[in-house]
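Have a look at the structure below before the remarks.
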Amino acid sequence: CIKRGTGSSILSALQDVPSAFWPCRSKMEKHLQVISVLQWVLSFLALGVACTALLIYMFCTDCWLIAAIYTAWLIVDWNTPKEGGRRSSWVRNWTVWTYFRDYFPIRLIKTHNLLPSRNYIFGYHPHGICCFGAFCNFGTEATGFTKKFPGIKPSLATLAGNFRLPVLRDYLMSGGICPVNRHSIDYLLSCNGTGNAVVIVVGGAAESLHCAPGKNAVTLKNRKGFVKLALQKGADLVPVYSFGENDAYKQVIFEEGTWSRALQKRLQKVLGFAPCLFHGRGLFFGNSWGIVPYCKPITTIVGEPITVPKIEAPSADVVDLYHAMYIKSLQCLFDKYKTRFGLKESDILYIQ
């Protein structure tokens, strides 16, 4: 016979099934966060090379016609990255970027209003290994850039070589990312109206060779080209500092004068980027090594704009003057916010 109460017992058992066999919501979200970060790291490191190899291989198969059509389109579209690119609001608002943001997490803090009637050059510091803060804040809408700065359109500048690689170039352009060369930046600041903000990671590849967790140093002392460009275009300078950018990975830093450091610098000149020996956490176990970055908060502070006059041929003295103003503004920004994000009052920003 069937005992009374069996129906309620079965219902109770069924209600317990999800908690027994399915991961909890927080764990599922964490997995999605890891996947979202990993896809970007792999895309940045390998997508371009992989798609180039695939395109070459397709020419040797029955799919050669598809490869030929894509190559022809690539040739026709070659200059698009240097002429404003092809940004996609849809891609910039993908849900995957919110998981990317929440993994670290990444925050964007506004300190002053920016006028849509002006153009800007943002100097982003520090470079870190993969510029996670720069990409999330300015290459996506995950932290709400356009809501915080209405009327301002950010364009993150990266290595021009990335835009010579199939598929990767389109992926980058969809986020509003552009080549960091004179032609591209000239177009954005001269032929694209106002309300443009070109984001330049000033320290570049050289700075990435020195980044390490807890280290607050930027390569800026002899970087004056972006200041001269701002003067020539009449674009205001905006210092930007990301606390925690250097904490995402651990790096083996070779001493100056060693053959390993010399090889890194040589490859940097040839390739345009510095081949760093770094590691993060493993994909499945947090205490193992891998290419997944560590879960360390990254907070990006957008500082006060420095009003810059338009001078088509600025003298060296004028460039030095505004360069010194920029360094002072960056140091003030760092000193004002450092204690709020885990640093001590005695910590200083090293300019090298």
Side-chain angles (χ1 to χ4, degrees), residues 32-33 35-55 66-67 69-104 106 108 119-120 122 124 130-181 183-189 191-193 195-201 272-273 298 300:
L32 290 172
Q33 291 169 10
I35 292 170
S36 68
V37 173
L38 185 60
Q39 69 83 23
W40 168 246
V41 172
L42 292 176
S43 296
F44 185 75
L45 296 178
L47 180 62
V49 175
C51 289
T52 300
L54 178 61
L55 186 65
I66 297 174
I69 293 172
Y70 180 82
T71 302
W73 177 81
L74 194 64
I75 294 171
V76 172
D77 194 58
W78 193 253
N79 289 325
T80 299
K82 297 184 290 185
E83 297 174 351
R86 188 167 44 244
R87 88 173 49 221
S88 167
S89 295
W90 176 64
V91 173
R92 285 177 60 88
N93 284 281
W94 275 354
T95 303
V96 67
W97 305 132
T98 63
Y99 289 113
F100 183 100
R101 174 199 66 199
D102 294 339
Y103 173 81
F104 294 92
I106 297 174
L108 177 67
N119 282 328
Y120 300 91
F122 286 19
Y124 183 89
C130 287
C131 298
F132 290 116
F135 169 73
C136 186
N137 288 309
F138 307 117
T140 79
E141 289 298 328
T143 55
F145 181 91
T146 55
K147 292 180 180 178
K148 289 182 170 73
F149 300 97
I152 305 298
K153 185 166 62 177
S155 297
L156 176 61
T158 187
L159 288 174
N162 289 327
F163 296 90
R164 302 188 185 102
L165 301 175
V167 182
L168 177 62
R169 67 193 295 274
D170 301 289
Y171 194 20
L172 294 176
M173 281 194 291
S174 65
I177 300 174
C178 67
V180 62
N181 58 35
H183 187 120
S184 174
I185 297 174
D186 274 355
Y187 182 91
L188 289 169
L189 298 179
C191 307
N192 203 38
N196 299 289
V198 178
V199 185
I200 300 176
V201 186
F273 64 91
I298 298 174
T300 303

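Both backbone and side-chain heavy atoms feed into the values below; hydrogens, waters and symmetry mates do not.
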* To do: Answer yes or no: is there a side-chain heavy-atom contact under 4.5 Å between Arg169 and Ser174?
  => no
* Structure fact -> When every non-hydrogen atom of Gly133 is compared with those of Ile298, the smallest separation belongs to CA-CG2, 4.1 Å
* **Selection residues 35-52 - residue pairs positive for side-chain hydrogen bond (donor to acceptor under 3.5 Å, both in side chains), sequence neighbours left out** => Gln39-Tyr171
* Thr158 (side chain) donor-acceptor with Pro179 (main chain) under 3.5 angstrom -> no
* Asked: Do the side chains of Ile177 and Phe163 get nearer than 4.5 Å, heavy atoms only?
  -> yes
* Euclidean distance, Leu47 CG relative to Leu172 CG, rounded to 0.5 Å -> 8.5 Å
* Please name all residues satisfying side-chain hydrogen bond (donor to acceptor under 3.5 Å, both in side chains) with Thr143, sequence neighbours left out, ordered by chain then number. => Asn137
* To the nearest 0.5 Å, how far apart are SG in Cys51 and OH in Tyr70? -> 7.5 Å
* Between Trp94 and Trp90, how do the two ring planes meet: parallel, tilted or perpendicular, split at 30° and 60°? -> perpendicular
* Structure fact -> side-chain hydrogen bond (donor to acceptor under 3.5 Å, both in side chains) filter on Glu83, not counting sequence neighbours, yields none
* **Which atom of Cys136 lies closest to which atom of Ile106, heavy atoms considered** => CB-CD1, 3.6 Å
* Asked: Taking only residues two or more places apart in sequence, or in another chain, which ones meet Asp102 in a salt bridge (charged side-chain N to carboxylate O under 4.0 Å, His left out)?
  -> none
* Report the distance from atom CG of Asp186 to atom SG of Cys191, rounding to the nearest 0.5 Å. => 8.0 Å
* Nearest heavy atoms of Cys178 and Ser155, plus distance in Å -> SG-CB, 4.2 Å
* Those residues that, when tested against Asn192, pass side-chain contact (heavy atoms from CB on, under 4.5 Å) (two or more places apart) -> Lys153, Tyr187, Leu188, Asn196
* To do: Could you pull out all residues at least two apart from Tyr103 that satisfy side-chain hydrogen bond (donor to acceptor under 3.5 Å, both in side chains)?
  => none
* Looking at residues at least two apart in the chain, or sitting in another chain, which of them share a salt bridge (charged side-chain N to carboxylate O under 4.0 Å, His left out) with Arg92? -> Glu141
* **Side-chain heavy-atom pair Thr300, Tyr124 within 4.5 angstrom cut-off** => yes
* Asked: Got a second to check how far Asn162's CG is from Met173's CE, nearest 0.5 Å?
  -> 11.5 Å
* Structure fact -> Sorted by chain and residue number, the ring-ring contact (aromatic ring centres under 6.0 Å, His included) partners of Trp78 (sequence neighbours excluded) come out as none
* Using side-chain contact (heavy atoms from CB on, under 4.5 Å) as the criterion, list what pairs up with Ile152, not counting sequence neighbours. => Leu114, Tyr120, Phe145, Phe149, Ala197
* Could I get the full list of side-chain hydrogen bond (donor to acceptor under 3.5 Å, both in side chains) partners for Arg86, not counting sequence neighbours? => Asp77, Asp170
* Structure fact -> Across all chains, not counting sequence neighbours, the side-chain contact (heavy atoms from CB on, under 4.5 Å) partners of Ser89 are Asn93
* Asked: Which pair of heavy atoms, one from Ala160 and one from Asn181, lies closest together, and at what distance?
  -> CB-ND2, 3.9 Å
* **Interatomic distance, Leu165 atom CG to Leu159 atom CG [nearest 0.5 angstrom]** => 10.5 Å
* **Contact check, side chains of Ile200 and Ile185, non-hydrogen atoms, under 4.5 Å** => yes
* Is the Phe100-Phe135 ring centre distance short of 6.0 angstrom? -> yes
* To do: To the nearest 0.5 Å, tell me how far Leu74 CG sits from Leu55 CG.
  => 8.0 Å
* **side-chain contact (heavy atoms from CB on, under 4.5 Å) partners for Val41, two or more places apart** => Val37, Leu45, Phe132, Tyr249, Ile291, Pro293
